[in-house]
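Some notes on the structure that comes next.
We count ligands from 1, going down the list as the structure has it; atoms in each ligand are counted the same way.
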Amino acid sequence: MTRMTSFSDGTIVPVLGQGTWMIGDDPKTRDAEQASLSRGLDLGLTLIDTAELYGDGRAERLVGEVIQGRRDEVFLVSKIRPEHAGEMTMMLHAEKSLERLGVDRIDLYLLHWESRFPMEEIVAGFEELIDEGMIARWGVSNLDLRAMNRLMEVEGGERCAANQLLYNLGSRGIEFDLLPWSQEQLMPVMAYSPLGRGGLLEHPTLLAVADRHDAAPAQIALAFVLRHEGVIAIPKASSIAHVEANAAALEIKLDPEDIEALDRAFPPPRPHSRSTSSDVVTKADGA
Ligand code: NAP
């Protein structure tokens, strides 16, 4: 079963994709990582998220190998480092990503986190890449609501297609303001680290809910973030068993009793609590 969502330009993508941080770094695990990504494509997880940052280009290279001969099946997302996003350097770094990925065009190109370059310059740079046919659309990552409001005031800022944000059971800050705002704008949120980098999966409440569904804790964690409209989750898996389990999460529907238990164990953000979007979006990929 594949569930889909759409960008504001009408382009349809699966709500469950695949992440690639920490993939491609170790020659000993490369084959398993490639096999896992390929299996994910077979299962309909055809949105692949990568970045020039990951392994200094090694993740993009590995993705390029996996999608060779399957380019048409894939919705390819990559990210530019903020220090590369100025007018003098953006095109060069986009070209390098295209070369590593072995493609003519990236489907969605994101600013990895806020940059010291003005957003006016970055948006103009992204639009030029679209004009050159190098990217189909652009978006951002790790921008909080204040930064998104500022972006909307920049000429062309409203063409931002998506915001990629930390979102999992243990990090629910975006539910407070950024997620509802993004839904209103019809701007998908790409939930990164949806499994809390694996760190959530031993939690007793998650294990209990998983037990009720005869499911794995990772599947419940994914079903939890995917219960919202306009959310795309991009778990990273480096084994076929994990990617198959993740794909099967699309079958799981959490009931009110599950949500209540999960809310008790992982409280949602509340007005005046410290956990709003502004303190979950400042750091990316440990960089
Ligand atoms: P994650 O997807 O939350 O967790 C990955 C960890 O979960 C890995 O250790 C993986 O193990 C394990 N795992 C995956 N499927 C599992 C399953 N079914 N059962 C048990 N364990 C499972 O963490 P993430 O890699 O940080 O986030 C996902 C992606 O989001 C990244 O790869 C990257 O593409 C993107 N990201 C973006 C940003 C940003 O700033 N924009 C920041 C962080 C991440 P195995 O590898 O052994 O399968």
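Near Gly198, with a cut-off below 4.0 Å to any heavy atom, the atoms of ligand 1 are 4 (O), 6 (C), 7 (O). Residue Pro194 has at least one heavy-atom neighbour below 4.0 Å for each of these atoms of ligand 1: 2 (O), 3 (O). When each atom of ligand 1 is checked for a heavy atom of Leu201 under 4.0 Å away, the hits are 20 (C), 21 (N). Heavy-atom contacts of His112 reach the following atoms of ligand 1: 39 (C), 40 (O), 41 (N) (cutoff under 4.0 Å). Under a 4.0 Å criterion applied to the non-hydrogen atoms of Tyr54, ligand 1 contributes the atoms 33 (C), 34 (O), 35 (C), 36 (N), 37 (C), 38 (C). Contact atoms of ligand 1 toward Ile234: 28 (C), 29 (C), 30 (O), 35 (C) (distance under 4.0 Å to a heavy atom of the residue). The ligand atoms of ligand 1 that sit less than 4.0 angstrom from a heavy atom of Trp21 are 26 (O), 31 (C), 32 (O), 33 (C), 34 (O). Close approach of ligand 1 to Arg197 is summarised as follows: ligand atoms under 4.0 Å from at least one heavy atom of the residue are 1 (P), 3 (O), 4 (O), 6 (C), 23 (O), 26 (O), 43 (C).
At a heavy-atom distance under 4.0 Å, no atom of Ala241 approaches ligand 1. Residue-level proximity to ligand 1 for Lys236 is carried by backbone and side chain together, each with a heavy atom below 4.0 angstrom. Only the side chain of Asn142 comes within 4.0 Å of ligand 1, judged by heavy-atom distances. Of all the heavy atoms of Met22, none lies under 4.0 Å from any atom of ligand 1, so neither backbone nor side chain is involved. If you look at Ala245 next to ligand 1, the close heavy atoms, those under 4.0 Å, all belong to the side chain. Looking at Trp113 against ligand 1, nothing comes within 4.0 Å, counting heavy atoms. Heavy atoms of Leu110 found under 4.0 angstrom from ligand 1: none, in either backbone or side chain. Contacts of Ser193 with ligand 1, taken as heavy-atom pairs under 4.0 Å, involve both backbone and side chain.
For a threshold of 3.5 Å applied to N or O pairs, the pair formed by Ala218 and ligand 1 contains no separation below that value. Taking distance alone, with nitrogen or oxygen atoms compared against 3.5 Å, Lys79 stays at or beyond that limit from ligand 1.
With a 6.0 Å radius and a threshold of 12 heavy atoms from other residues, nucleotides or ligands, Gln68 has its CD atom at or below the threshold. Remark: Asp131 CG is packed, more than 12 non-hydrogen atoms of other residues, nucleotides or ligands lying under 6.0 Å away. A 6.0 Å sphere centred on CD of Glu155 holds no more than 12 heavy atoms belonging to other residues, nucleotides or ligands.
Under a 3.5 Å cut-off, the side chain of Thr2 and the backbone N or O of Gly44 do not form any donor-acceptor pair. A donor-acceptor contact shorter than 3.5 Å links the side chain of Arg172 to the backbone of Phe266.
The residue among Ile23, Leu195, Leu111 with a heavy atom at the shortest distance from atom 7 (O) of ligand 1 is Leu195.
Geometrically, Arg227 engages Phe224 in a cation-pi contact, judged by NZ or CZ lying under 6.0 Å from the ring centre and within 45° of the ring axis.
For the ligand labelled ligand 1, residue Gly196 lies inside the 4.0 Å heavy-atom shell. Not a single heavy atom of Gln18 sits closer than 4.0 Å to an atom of ligand 1.
Between His112 and Tyr54, a ring centre-to-centre spacing shorter than 6.0 Å is recorded.
Ring pair Phe7/Phe75 is parallel by interplanar angle, where below 30° counts as parallel and above 60° as perpendicular.
Under the side-chain hydrogen bond (donor to acceptor under 3.5 Å, both in side chains) rule, Lys79 has a single partner from Thr50, Asn142, Asp49, which is Asp49.
Follow the hydrophobic side-chain contacts under 4.5 Å out from Ile259 and you reach Leu206 in the same cluster.
For Glu260, the salt bridge (charged side-chain N to carboxylate O under 4.0 Å, His left out) partners at least two apart in sequence or on another chain are Arg264. For Glu229, there are no salt bridge (charged side-chain N to carboxylate O under 4.0 Å, His left out) partners, not counting sequence neighbours.
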For the pair Trp138 and Val123, evaluate side chain to side chain contact (heavy atoms under 4.5 Å, CB included) and give the outcome as yes or no after the intermediate values. CA-CA 9 Å; Trp138 62 269; Val123 170; 3.8 Å; yes
